[in-house]
Amino acid sequence: MSGLNVSLGYFLVVVVLSEVAAFLLRLGPVWGFSAELPVSFMLVACWSELGTLKDVGLWAGGFGPDVTLTLLFLVLMTHSIISRGASGNPAMTLRGFLLSDTSALSTLSCLAGQFTGAYLGRFFATYYWSLELTDMHMIQNMMSSECSPSLRVSLSQGAFTEGICTLTFHLLAMRLSGSPVLCRVPLTALAITALSYAAGGYTSGYFNPALGYALTFNCPGFTLIEYAAVYWLGPLAGMTLALFLYTGHIPRLFARNLLYSQKSRYRVPVGKSSPDQMGRTGTKQGGKKGD
């Protein structure tokens with residue numbers, strides 16, 4: 001139980017550091033960089049410790065999947081509450097760009113903040129493990145230099161898994177975008193938790209390019225291009241497909257809706273004529289009088 005208490009304290013410290021960093025960065029905001037860096041830092045730092053509880057805690061501390069999944073849900077809830085509109089997810093940022101909601105410069109700034117925060121989050125977690133506060137963290141510290149890859153299947157299966165998880169998540173996120181916060185936040189956290197659990201034996205279910213970069217790109221077993229194909233291209237393909245299926249088009253690329261017809265929201269009552277019809281009728285009557 002002491003190991004779990006140490007991990008809970010670590011989560012609390014990460015949240016406090018994220019909030020302090022967010023406050024300091026808001027003093028001199030640089031587009032989306034200032035908002036995304038602390039959010040991405042918190043997500044990666046907490047997810048790293050959750051990985052320790054999952055991989056090492058099972059036999060070093062007796063922590064089962066129920067503990068790690070509950071903590072993941074709580075971390076995601078906290079992440080959504082304190083994010084202030086930031087996502088810490090490059091796929092979410094690129095979705096906003098494809099929807100023409102953000103400019104190219106703002107998108108690049110957000111991406112830079114996300115990957116910088118992810119790197120710092122992993123660095124902080126590694127430093128925390130080096131303190132070896134518990135037996136579990138001592139084992140994790142010894143294992144961190146020779147980590148095992150999160151990808152446990154072939155490249156095609158991994159990319160497909162990440163793509164399907166991303167597709168499902170973004171369809172749900174867009175569907176819940178207009179819902180009340182009290183409904184949207186827990187449902188989103190629950191969906192991510194369930195998808196991560198379902199894909200855990202295949203790719204660990206990150207479906208977040210920044211998470212994949214920070215947590216597994218440094219592990220031996222695959223090349224950088226192979227990791228990028230699974231943890232970057234897979235989620236981006238899933239996000240793009242979700243956007244197309246939900247809206248029927250990609251606003252940044254083409255405006256024509258290829259899936260859903262655009263019907264007029266105004267209906268002309270029966271027995272009455274629309275202005276266009278009245279105009280055409282008047283033209284015809286004027287033509288007859290002229291004859």
Side-chain angles (χ1 to χ4, degrees), residues 1-15 18 39-83 87-89 91-92 118 121-122 125 128-129 134-137 139-140 143-144 147-153 158 161-173 176 181-208 210-212 214-216 231 234-235 238:
M1 197 66 179
S2 60
L4 183 59
N5 291 334
V6 171
S7 295
L8 292 175
Y10 168 79
F11 292 139
L12 180 60
V13 170
V14 169
V15 172
S18 300
V39 172
S40 184
F41 168 83
M42 175 199 164
L43 190 62
V44 172
C46 291
W47 207 293
S48 298
E49 179 65 3
L50 288 170
T52 299
L53 291 171
K54 176 184 175 183
D55 298 334
V56 183
L58 181 62
W59 51 273
F63 307 129
D66 55 333
V67 175
T68 56
L69 290 175
T70 301
L71 289 175
L72 175 59
F73 176 78
L74 295 176
V75 165
L76 292 171
M77 286 275 290
T78 306
H79 171 266
S80 298
I81 292 171
I82 70 173
S83 61
S87 64
N89 188 339
M92 294 284 287
R122 184 63 177 185
Y128 160 70
W129 295 332
T134 66
D135 293 341
M136 178 179 65
H137 296 102
I139 296 172
Q140 177 61 39
M143 295 170 55
S144 60
C147 59
S148 57
S150 300
L151 181 59
R152 302 178 181 91
V153 292
T161 301
E162 288 290 299
I164 289 296
C165 288
T166 307
L167 170 68
T168 305
F169 166 68
H170 281 270
L171 285 175
L172 178 64
L176 295 175
V181 175
L182 291 178
C183 175
R184 183 177 70 253
V185 170
L187 285 179
T188 301
L190 183 61
I192 296 175
T193 303
L195 290 171
S196 297
Y197 176 74
Y202 302 95
T203 62
S204 292
Y206 298 138
F207 48 96
N208 179 333
L211 265 179
L215 299 183
T216 198
Y231 292 102

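What you see below is based on every heavy atom in this structure, not just the backbone, and it leaves out hydrogens, waters and symmetry mates.
Applying the side chain to side chain donor-acceptor pair (under 3.5 Å) test to Thr161 and every residue at least two apart in sequence or in another chain returns nothing. Remark: Trp47 engages no residue in a side chain to side chain donor-acceptor pair (under 3.5 Å) (not counting sequence neighbours). Under the rule for a side chain to side chain donor-acceptor pair (under 3.5 Å), Thr68 has no partner lying at least two apart in sequence or in another chain. Residues meeting the ring pair (Phe, Tyr, Trp, His ring centres under 6.0 Å) test with Tyr10, sequence neighbours left out: Phe124, Tyr128. Considering only residues two or more places apart in sequence or on other chains, Leu187 meets the side chain to side chain contact (heavy atoms under 4.5 Å, CB included) condition with Leu176, Cys183. Applying the side chain to side chain contact (heavy atoms under 4.5 Å, CB included) test to Met77 and every residue at least two apart in sequence or in another chain returns Phe73, Val185, Pro186, Ala189. Taking Thr168 as the reference, nothing meets the side chain to side chain donor-acceptor pair (under 3.5 Å) condition, with sequence neighbours excluded.
Taking CG from Leu195 and OG1 from Thr166, the interatomic distance works out to 9.0 Å, rounded to the nearest 0.5 Å. Between atom CG of residue Leu50 and atom CG of residue Leu72 there is a gap of 5.5 Å, rounded to the nearest 0.5 Å. Expressed to the nearest 0.5 Å, how far OG1 of Thr78 lies from CG of Leu12 amounts to 10.0 Å. Atom OG1 of residue Thr203 and atom CD1 of residue Ile164 lie 11.5 Å apart, to the nearest 0.5 angstrom.
Annotation: side chain of Glu49 is in contact with side chain of Thr52 (closest heavy-atom distance under 4.5 Å). For the pair Cys46/His79, no side-chain contact is recorded, criterion being any heavy-atom separation below 4.5 Å from C-beta on. No side-chain heavy atom of Met143 sits under 4.5 Å from any side-chain heavy atom of Asp55. Phe169 places a side-chain heavy atom less than 4.5 Å from the side chain of Thr188. Counting only heavy atoms from C-beta outward, the side chains of His137 and Val56 never approach each other to under 4.5 Å. Counting heavy atoms from C-beta on, the side chains of Leu151 and Thr216 never come closer than 4.5 Å. With contacts defined as side-chain heavy-atom distances shorter than 4.5 Å, the pair Pro65/Lys54 does not qualify. Proximity of Ser48 to Leu215: side-chain heavy atoms (C-beta onward) are separated by under 4.5 Å at one or more points.
Using modelled atom types, one side-chain atom of Thr70 and one backbone atom of Asp66 make a donor-acceptor pair closer than 3.5 Å. When atom types are taken as modelled, the side chain of Asn208 and the backbone of Ala91 share no donor-acceptor pair closer than 3.5 angstrom. A distance-only check finds no donor-acceptor pair linking the side chain of Arg122 to the backbone of Leu211 [under 3.5 Å]. A distance-only check finds a donor-acceptor pair linking the side chain of Ser40 to the backbone of Ala118 [under 3.5 Å].
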Check against side chain to side chain contact (heavy atoms under 4.5 Å, CB included), Leu43 and Asn89: CA-CA 9 Å; Leu43 190 62; Asn89 188 339; 6.0 Å; no
Worked check of side chain to side chain contact (heavy atoms under 4.5 Å, CB included) between Phe207 and Ile192: CA-CA 9 Å; Phe207 48 96; Ile192 296 175; 3.9 Å; yes
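Here the closest heavy-atom approach between residue Gly200 and residue Arg152 is recorded as O-NH1, 2.8 Å.
Side-chain atoms of Ser150 and Tyr206 include a donor-acceptor pair closer than 3.5 Å.
Put simply, the residue from Ser18, Ser83, Ser80 that forms a side-chain contact (heavy atoms from CB on, under 4.5 Å) with Val39 is Ser83.
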